[in-house]
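So the structure is just underneath, and the comments pick up after that.
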Amino acid sequence: MLEMLIRRASVIRAGGGSSAIERDARRGLLQRVAPGAYVPAPVWQALTAVERHVIRVHAVVPRFGDEVVVSHESALALRGFPLLGDWPERVHVIDPRRDRDKVGPWAHQHAGPFVVDEVDVVDGLRVAVSRQAAVDAVRRHDLAGGAVILDHGLRTGAFSRSELEAVAALRPGVPGSRRATAAIAFADARADSPGESLSRAVIHLAGLSRPELQVRFPREGPLVGIVDFWWPECGVIGEFDGEVKYRDAGPRRGRTPEQVVIDEKRREDALRSLPGVKTVVRWSWADALRGDPLVSALRRAGVR
């Protein structure tokens, strides 16, 4: 992906001319991703949102020299973290030379010192460690957005809760500190996907009782299934129904989408037949993002 990044300065050093690049950009053959940096338009169109942000990071950051550190959501993008909502248009860096933030068309330069031990090198760039980048980013997100970031980091072992708490404690008065503290307390490594993290936040903010996560059914004996959410007090199983299992070949394991649906139906029937299970509630990304459909479905099923 990065090999497709075309830098005008590199082309000139190699003996080429910049006029051809500008002409191709005007004709729509190249996509400008930063001053003097381009990607072939078909490649850009095929990239995911996070891949586009990663390209922008590599296009923008070298312009600021070796002292800046990639930070916030930009650091998380380089490390493969998910994000709820759109990736930022601007690249985020911390610049220890600045005494105040500067927001430009291509980058948000955050002022402040940076501890050398809190920096790694990722793909040739100096990048904030995951725990620092996560706390800085979560200060800018609501509970759902924070849960998506922090659940992923806890689940993958990128950091521990105590490490997050230590980072947050270093700057208790900065904007968003309360938001970050709440998100750290709420985070749970057992959430198995961004959709489950979002769903947990929706359930919590609606005041519904807290479910158990990733519960094996039955507790002993041959496995019927491991469910996303379980409310034992009312016998309700909750399942976040991400579309990836139907679209992507990997999760389907050689099955057709139709066979996946049939297998899910059989699994759900088997779960309903177990002692103590009254019903199974399923919901989609759209339901979780809107919130009300998910909450209403759980309330109708008896979750209080």
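Basis for what follows: all heavy atoms, side chains included, without hydrogens, waters or symmetry-related copies.
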Joint hydrophobic cluster, [X] plus [Y], side-chain heavy atoms closer than 4.5 Å:
X	Y	value
Leu143	Leu150	no
Leu205	Val303	no
Ile226	Leu271	no
Trp285	Leu298	yes
Leu274	Phe229	no

Decide yes or no on side-chain contact (heavy atoms from CB on, under 4.5 Å) for Val129 and Phe159, but give the supporting numbers first. CA-CA 9 Å; Val129 293; Phe159 41 66; over 6 Å; no
Starting at [atom1] of [X], measure out to [atom2] of [Y] and round the result to the nearest 0.5 Å.
X	Y	atom1	atom2	value
Asp241	Asp287	CG	CG	9.5 Å
Ser193	Phe240	OG	CZ	5.5 Å
Met4	Leu2	CE	CG	11.0 Å
Leu164	Gln132	CG	CD	10.5 Å

Would you say the side-chain atoms of Asp101 pair up with the backbone N or O of Ala111, donor to acceptor, closer than 3.5 Å?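 Confirmed, Asp101 side chain pairs with Ala111 backbone.
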Gly104 backbone acceptor or donor facing Arg90 side chain under 3.5 Å: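 Side chain of Arg90 to backbone of Gly104, a donor-acceptor pair under 3.5 Å: yes, one is there.
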side-chain contact (heavy atoms from CB on, under 4.5 Å) between Val202 and Arg290, worked out: CA-CA 9 Å; Val202 170; Arg290 290 171 58 198; over 6 Å; no
Over 60° means perpendicular and under 30° means parallel, so tell me whether His110 and His92 are parallel, tilted or perpendicular.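 Correct class here is parallel.
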For [X], enumerate each residue passing the side chain to side chain contact (heavy atoms under 4.5 Å, CB included) test, keeping only those at least two apart in sequence or located in another chain.
X	result
Arg139	Val135, Asp136, Arg171, Val174, Ser177, Ala180
Lys102	Arg98, Gln109
Ser296	Arg300

A side-chain contact here means heavy atoms from C-beta on lying under 4.5 Å apart; do [X] and [Y] qualify?
X	Y	answer
Pro88	His108	no
Leu5	Val33	yes
Ser197	His152	no

Residue pairs involving residues 28-44 (criterion side-chain hydrogen bond (donor to acceptor under 3.5 Å, both in side chains); sequence neighbours excluded):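 Output for this query lists Glu22-Tyr38.
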So the side-chain hydrogen bond (donor to acceptor under 3.5 Å, both in side chains) pairs with at least one residue in residues 45-55 (sequence neighbours excluded) are Thr48-Glu51, His53-Ser74
Measure across [X] and [Y] and return the closest heavy-atom pair with its distance rounded to 0.1 Å.
X	Y	answer
Val236	Val281	CG1-CG2, 4.0 Å
Val54	Ala77	CG2-O, 3.8 Å
Ile149	Pro82	CG1-O, 3.9 Å
Ala183	Gly146	CB-CA, 4.4 Å
Leu76	Ala133	CD2-CB, 3.9 Å
Gly28	Ala41	O-CB, 3.2 Å

So, applying salt bridge (charged side-chain N to carboxylate O under 4.0 Å, His left out) with Glu268, which one of Lys265, Arg272, Arg266 is it? Arg272
Who pairs with Asp123 by salt bridge (Lys or Arg N to Asp or Glu O under 4.0 Å), at least two apart in sequence or on another chain?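 With neighbours one apart ignored, the set is empty.
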Mind checking salt bridge (Lys or Arg N to Asp or Glu O under 4.0 Å) for Arg299 and listing every partner two or more places apart, or none if nothing turns up? none
Please list all pairs passing the salt bridge (Lys or Arg N to Asp or Glu O under 4.0 Å) test where one or both residues lie in [range], with sequence neighbours left out.
range	result
residues 146-164	Asp151-Arg200
residues 67-78	Glu73-Arg140
residues 53-63	Arg56-Glu89

Evaluate Arg23 against Leu29 for side-chain contact (heavy atoms from CB on, under 4.5 Å), listing each step before the verdict. CA-CA 9 Å; Arg23 183 181 64 249; Leu29 301 178; over 6 Å; no
Is there a side-chain contact (heavy atoms from CB on, under 4.5 Å) between Phe81 and Val50? Walk through the geometry before answering. CA-CA 9 Å; Phe81 273 67; Val50 64; over 6 Å; no
Which pairs would a plain distance check flag for residues 206-217, meaning a side-chain donor or acceptor within less than 3.5 Å of a matching protein atom at least two apart in sequence or in another chain?
unit_1 : atom_1 : unit_2 : atom_2 : d
Ser209 : OG     : Trp231 : NE1    : 3.4
Ser209 : OG     : Glu233 : OE2    : 2.9
Ser209 : OG     : Arg304 : O      : 3.2
Glu212 : OE1    : Arg219 : NH2    : 3.1
Gln214 : NE2    : Glu196 : OE1    : 2.8
Arg216 : NH1    : Pro218 : O      : 2.7
Arg216 : NH1    : Gly221 : O      : 3.1
Arg216 : NH2    : Gly221 : O      : 2.9

Determine which pairs satisfy ring pair (Phe, Tyr, Trp, His ring centres under 6.0 Å) with at least one residue from residues 164-195, sequence neighbours left out, and list them in order.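 Output for this query lists Phe186-His204.
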